[in-house]
Amino acid sequence: MQTPLRKLRKAQGKTLSQVAEVLGIDPATLSRIERNEHSVSAVVAERICQLFDGEITELEVLYPERFSGAILEE
């Protein structure tokens, strides 16, 4: 699933490792969050929003499947 978080991170040219380091989480965990295979806490969702200066909302991070921009990848 191409989630809003993954789209934004890639659009800004940031790597999984760069974002994960700032968030204080493992890059593999961030990857699973981006693929909607791992739930994210409200605290981490808030930090993600702050990291991206509000370009993504907590709802987009917590419930990516609800946003039309989420595209299923095969």
Side-chain angles (χ1 to χ4, degrees):
M1 176 182 279
Q2 185 80 6
T3 61
L5 175 56
R6 179 170 276 184
K7 284 182 181 182
L8 180 59
R9 178 184 60 77
K10 286 184 171 186
Q12 291 191 0
K14 296 180 180 177
T15 66
L16 278 170
S17 296
Q18 290 170 330
V19 173
E21 183 177 340
V22 173
L23 296 174
I25 62 175
D26 186 71
T29 299
L30 179 59
S31 178
R32 287 190 298 275
I33 291 168
E34 285 188 350
R35 293 189 319 264
N36 200 27
E37 295 175 357
H38 188 323
S39 58
V40 63
S41 70
V43 172
V44 173
E46 182 179 1
R47 289 194 313 219
I48 290 168
C49 295
Q50 291 171 348
L51 175 65
F52 288 101
D53 296 322
E55 289 187 49
I56 190 168
T57 67
E58 287 181 43
L59 288 176
E60 289 174 297
V61 175
L62 293 167
Y63 307 104
E65 68 279 358
R66 293 185 179 180
F67 293 86
S68 61
I71 302 167
L72 293 176
E73 293 179 344
E74 294 186 22

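No hydrogens, no waters, no symmetry mates; every other heavy atom, side chains included, goes into these values.
Minimum heavy-atom separation, Ser31 to Arg6: OG-NH2, 3.7 Å. In this structure, Pro4 and Ile56 approach most closely via the heavy-atom pair C-CD1, 3.7 Å. Taking both residues in full, the closest heavy atoms of Arg9 and Leu16 are given as NH1-N, 3.5 Å, listed atom of the first, atom of the second, then distance. For the pair Leu30 and Leu5, the tightest heavy-atom approach, listed with the atom from each and the gap, is CD1-CD2, 4.1 Å.
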Practice problem: Please test Thr57 against Glu60 for side-chain hydrogen bond (donor to acceptor under 3.5 Å, both in side chains), starting from the C-alpha separation and ending with a verdict. | Solution: CA-CA 5 Å; Thr57 67; Glu60 289 174 297; 3.3 Å; yes
Quiz prompt | Leu59 vs Arg66, side-chain contact (heavy atoms from CB on, under 4.5 Å): CA-CA, chis, key distance, verdict | solution = CA-CA 9 Å; Leu59 288 176; Arg66 293 185 179 180; 5.9 Å; no
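A cation-pi arrangement, defined by a distance under 6.0 Å to the six-membered ring centre and an angle within 45 degrees of its axis, is present between Lys14 and Phe52.
Counting only heavy atoms from C-beta outward, the side chains of Lys10 and Glu34 never approach each other to under 4.5 Å.
Checking Gln12 against Glu55 by side-chain atom types alone, a donor-acceptor pair falls below 3.5 Å.
Under the rule for a side-chain hydrogen bond (donor to acceptor under 3.5 Å, both in side chains), Ser17 has no partner lying at least two apart in sequence or in another chain. Every residue two or more places apart in sequence or in another chain was checked for a side-chain hydrogen bond (donor to acceptor under 3.5 Å, both in side chains) with Glu58, and none qualifies.
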Would you give me the side-chain donor-acceptor pairs under 3.5 Å for residues 40-48, sequence neighbours excluded?
unit_1	atom_1	unit_2	atom_2	d
Ser41	OG	Val44	N	3.1
Arg47	NH2	Leu23	O	2.7

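Under the side chain to side chain donor-acceptor pair (under 3.5 Å) criterion, the residue pairs touching residues 20-30 are Thr29-Arg32, with sequence neighbours excluded.
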